[in-house]
Amino acid sequence: QQPVQSPQAVILREGEDAVINCSSSKALYSVHWYRQKHGEAPVFLMILLKGGEQKGHEKISASFNEKKQQSSLYLTASQLSYSGTYFCGTEKRVSGGTSYGKLTFGQGTILTVHP
Amino acid sequence: KAGVTQTPRYLIKTRGQQVTLSCSPISGHRSVSWYQQTPGQGLQFLFEYFSETQRNKGNFPGRFSGRQFSNSRSEMNVSTLELGDSALYLCASSSGQGATEAFFGQGTRLTVV
């Protein structure tokens, strides 16, 4: 079952903050966040593992509430380059740990940053 | 470090034909996952290969198949193409060891006419 992202779209001015949420009905092992610009490949932003471990590459923070199976992506002091569609991909918890590369993606949140 | 390479970038095929798409992962990565992206269905998981073995499979018909070679390069095949197979096909490369970041290729845009 697909995770639900909210909001579906958000419009910001440069410098403003935004939060994108991702909720799943399944027990999760990890949550992955990606940004995709039109005509380009999704770019890895962050992975959050159960137990609190995080791995990320940019000045973007995120949280993972294991009890609620929810993750939030925090975009602070937004820049024009932050525009794009943000996807969360969830990895279901299975016996033995990871479900081997199978990410179930949400429908995406379109973020537009204006000057 | 070279990224994930998918070939070809664009394909136009006729209904009923078959097609093979290729994905070369990042050097050292042993896992390749394939996804189909459409405006209506979003990103959907097709299958994942690790060290030449399929470890996971999504809910796609048997017309969709894949394989992985000893150098970790992967191919995806779709037989008896249907109009609904028109999509962007993306592959993602990762180490495959536990939950790790996956890096996507630019994708192959398949159009079935």
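A, B, ... follow the sequence lines: proteins, then strands. Residue 1 opens every chain. Computed from a prediction, not measured in an experiment: that's the story for all the values here.
- Remark: L80(A) CG is packed, more than 12 non-hydrogen atoms of other residues, nucleotides or ligands lying under 6.0 Å away.
- More than 12 heavy atoms of other residues, nucleotides or ligands lie within 6.0 Å of CG in N71(B), so this atom counts as buried by the packing criterion.
- Residue R63(B) qualifies as enclosed at atom CZ: its count of foreign heavy atoms under 6.0 Å is above 12.
- Annotation: maximal heavy-atom pairing with chain A below 4.5 Å, among L46(B), L43(B), V32(B), occurs at L43(B).
- For the atom pair L103(A) CG and E48(B) CD, the distance stands at 10.0 Å (nearest 0.5 Å).
- Counting non-hydrogen atoms of neighbouring residues, nucleotides and ligands closer than 6.0 angstrom, the CZ atom of R9(B) exceeds 12 such neighbours.
- One hydrophobic cluster, built from ILVMFWY side chains closer than 4.5 Å, holds both V10(A) and I60(A).
- Atom CD in Q41(B) sits 8.0 Å away from atom CD in Q2(A) (nearest 0.5 Å).
- Clustering ILVMFWY residues whenever any of their side-chain heavy atoms sit less than 4.5 angstrom apart, transitively, puts F45(B) in the very cluster that holds F87(A).
- Taking CD from Q106(B) and CD from E40(A), the interatomic distance works out to 6.5 Å, rounded to the nearest 0.5 Å.
- No path of Ile, Leu, Val, Met, Phe, Trp and Tyr side chains, each step under 4.5 Å between heavy atoms, connects V78(B) with L88(B), placing them in separate hydrophobic clusters.
- Partner P42(A) forms a side chain to side chain contact (heavy atoms under 4.5 Å, CB included) with one of Y35(B), F104(B), F103(B) and no other, that one being F104(B).
- Between A41(A) and G105(B), the shortest heavy-atom distance links the atoms CB-O, 2.9 Å.
- Side-chain heavy atoms closer than 4.5 Å link hydrophobic residues (I, L, V, M, F, W, Y) into clusters, and following such links, possibly through other members, connects V112(B) to V19(B).
- Ranked by heavy-atom pairs under 4.5 Å with chain A, the list G58(B), A102(B), A92(B), G42(B) is led by A102(B).
- Scanning all heavy atoms of the two residues, the minimum distance from T100(B) to H32(A) falls at O-CE1, 3.5 Å.
- Contact annotation for Q37(B): only side-chain heavy atoms (C-beta onward) come within less than 4.5 Å of a heavy atom of chain A.
- In this structure, the portion of L90(B) lying under 4.5 Å from any heavy atom of chain A is its side chain and not its backbone.
- To the nearest 0.5 Å, atoms CG (N56(B)) and NZ (K92(A)) are separated by 9.0 Å.
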